[in-house]
2 protein chains.
Amino acid sequence: MVRKTKEDAELTRQRIIDAARAVFLTRGISRSTLEHIALEAQVTRGAVYWHFKNKTDIFYALRDRAFLPLIDRMYDTLATQTDDTDPLTQIEDSLCDTINELNENIEMRQIYEIMMIKCEYVDEFATVLQQILNNCSNITEKIQLAYERAKEQSLLIPIFTPHELALDTHLFFSGLLHMWVKDADGSRFRYQAKMLIKSHINLRRINPKT
Amino acid sequence: MVRKTKEDAELTRQRIIDAARAVFLTRGISRSTLEHIALEAQVTRGAVYWHFKNKTDIFYALRDRAFLPLIDRMYDTLATQTDDTDPLTQIEDSLCDTINELNENIEMRQIYEIMMIKCEYVDEFATVLQQILNNCSNITEKIQLAYERAKEQSLLIPIFTPHELALDTHLFFSGLLHMWVKDADGSRFRYQAKMLIKSHINLRRINPKT
DNA sequence: CGGTTTACATACATTCTTGTTTGTATATAA
DNA sequence: TTATATACAAACAAGAATGTATGTAAACCG
């Protein structure tokens with residue numbers, strides 16, 4: 001049978017994206033063929049070519065479904081300034097929230113893994129790097145704003161500027177995400193990620209929590 | 001002309017490795033063919049197959065020439081405990097030294113870039129991830145030892161354990177290396193990397209340097 | 001000095017992958 | 001109800017990449 005309804009078609013589109021995620025994860029993007037993806041999605045390459053232009057197109061569809069939302073989410077968590085909780089805890093929460101999401105959301109986790117260690121950033125993929133850098137800049141700015149609020153409220157240790165603190169935090173979290181992803185069995189980083197975040201923020205508090 | 005001397009042969013071997021570095025860098029590992037590499041090295045695929053089993057073999061040869069030495073170097077810098085300089089400065093210096101090496105040594109820099117964003121860690125490459133994780137563990141341990149010495153000498157802010165400080169430092173540096181590599185034009189991280197390291201270490205000093 | 005091995009170049013066969021084209025049954029719109 | 005566009009499946013053509021097999025001239029060794 002052919003010619004499904006529009007809903008059915010959208011469903012197969014999603015199936016293809018999900019299949020691509022599984023295939024990319026185990027074979028890496030470059031070694032994944034459209035045949036592999038089609039097989040995993042239980043369709044033929046015809047269906048894949050109907051819904052997507054090529055493999056790169058699938059990759060970007062995959063990214064849009066999880067990578068960007070998570071960035072936005074972290075961004076939002078930092079931007080919504082509920083002034084009753086202290087800014088340092090806000091930073092801590094937004095970082096922990098991201099880790100939580102990665103822990104609970106398999107799709108998110110796998111897409112991150114694909115983008116970090118199963119993708120070669122050349123040619124059509126190179127632009128992604130710039131976008132990541134831009135996102136990082138934005139997030140660092142948001143963190144800096146939070147640190148500035150903390151400084152105003154005298155919650156922050158002196159001497160250090162919100163700018164350098166924000167950069168340090170961003171680099172810390174960036175490293176954490178990378179190790180979190182690479183640490184497949186979870187023994188080294190996954191289980192203690194939140195503790196590490198707490199420690200990191202505590203380093204900045206004028207009155208460290210116990 | 002064929003049949004070079006042994007020295008000539010070794011030279012072509014190096015030329016092939018150098019060519020592979022250039023090709024991997026621009027095309028990514030998976031899209032680089034042995035033909036590309038041979039062309040860049042001004043030999044034929046015959047020569048490449050004579051010196052190497054396949055592309056993976058070249059990759060590992062490339063890695064051994066720079067990636068491992070740099071790890072060892074950082075490791076050594078941390079391990080040689082010249083007890084006259086304070087441990088925190090030792091950590092700072094070893095991190096800065098690595099950044100220096102990346103700044104000055106083009107080969108080193110490019111190989112790092114290849115391994116970080118031009119390689120998909122699946123199949124034969126997956127084992128590299130484990131090795132990286134192990135190296136990270138070792139380095140974290142060395143940093144922790146330095147922090148412990150700093151604690152004994154009361155150079156370190158209290159409350160925090162050398163263990164969590166070491167993990168935080170390692171994650172920071174890991175993030176820094178990643179951003180350093182991705183920041184191709186250098187505007188965001190490369191030029192201020194050492195400043196960031198200084199700030200990071202200063203956060204731990206009981207008497208922060210100015 | 002002659003045989004053997006080395007260090008490649010060249011040619012060949014095979015497999016993989018991609019993009020396109022064609023076919024087709026059915027939803028959908030008019 | 002019928003024409004058309006949709007949502008695929010299946011077949012096709014072409015190039016690219018790999019590994020191997022063969023050829024060869026010069027270095028090296030006895």
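Chain letters run A, B, ... following the sequence lines, proteins first, then strands; residues in each count from 1.
The aromatic rings of A/F59 and A/F125 sit perpendicular to each other, their planes meeting at more than 60°, with 30° as the lower class boundary.
Nearest-nucleotide mapping onto DNA chain D: of B/K55 and B/E7, the residue sitting toward the 5' end is B/K55. Between B/T44 and A/K53, the residue anchored closer to the 5' end of DNA chain C is B/T44, taking for each the nucleotide with the nearest heavy atom. Between B/G46 and A/V48, it is A/V48 whose nearest contact on DNA chain D lies nearer the 5' terminus.
B/K182 places no side-chain N or O within donor-acceptor distance of the main-chain N or O of A/L129, the cut-off being under 3.5 Å. Within the 3.5 Å criterion, the main-chain N or O of A/D183 finds a donor-acceptor partner in the side chain of A/R190. Between the A/T140 side chain and the A/C136 main chain, a donor and an acceptor come within less than 3.5 Å of each other. Looking only at distances, no side-chain donor or acceptor of A/R45 sits under 3.5 Å from a matching main-chain atom of A/E35.
Each end of the helix from C/dC1-D/dG30 to C/dA30-D/dT1 yields a helix axis from five base pairs, and these two axes differ in direction by 10° (to the nearest 10 degrees).
Rounded to whole angstrom, the span from the CZ atom of A/R15 across to the P atom of D/dA9 amounts to 9 Å. Taking atom CG of residue A/D8 and atom C1' of nucleotide D/dT6, one finds them 12 Å apart after rounding to whole Å. Rounded to a whole Å, the CZ atom of A/F52 is 11 Å from the P atom of D/dC8. As rounded to whole Å, 12 Å separates atom P of C/dC8 from atom CD of B/Q14. Spacing between atom CG of A/L34 and atom C1' of C/dT20 amounts to 13 Å, rounded to whole angstrom units. To the nearest angstrom, P of D/dC28 lies 8 Å from NZ of B/K6. If you measure from atom CD of B/E10 to atom C1' of D/dA27, you get 17 Å, rounded to the nearest angstrom. In this entry the distance linking CD1 of B/I16 with C1' of C/dA7 reads 10 Å, nearest Å.
Note on B/T33: only backbone sugar-phosphate atoms sit closer than 4.0 angstrom, heavy atoms only; bases stay farther off.
Put simply, B/H51 has no side-chain N or O that comes within less than 4.0 Å of OP1 or OP2 on C/dA7. OP1 or OP2 of D/dG19 sits under 4.0 Å from a side-chain N or O of B/Y49. Between A/W50 and D/dA7, a side-chain N or O to OP1/OP2 separation shorter than 4.0 Å is present. Side-chain N/O atoms of B/T5 include none lying less than 4.0 angstrom from OP1 or OP2 on D/dC28.
Within the 4.5 Å cutoff, the side chain of A/I91 has heavy atoms near those of the A/Y147 side chain.
Among C/dC8, C/dG19, D/dA17, the nucleotide with an atom closest to any side-chain atom of B/H36 is D/dA17. When distances are taken from the side chain of A/R45 to each of D/dA7, D/dG19, D/dA11, the shortest belongs to D/dA11.
Around the NZ atom of B/K198, the shell of radius 6.0 Å holds no more than 12 heavy atoms that belong to other residues, nucleotides or ligands.
At a cut-off of 3.5 Å, with distance as the only test, a side-chain donor of A/T127 or A/Y60 sits close to an acceptor on the other residue.
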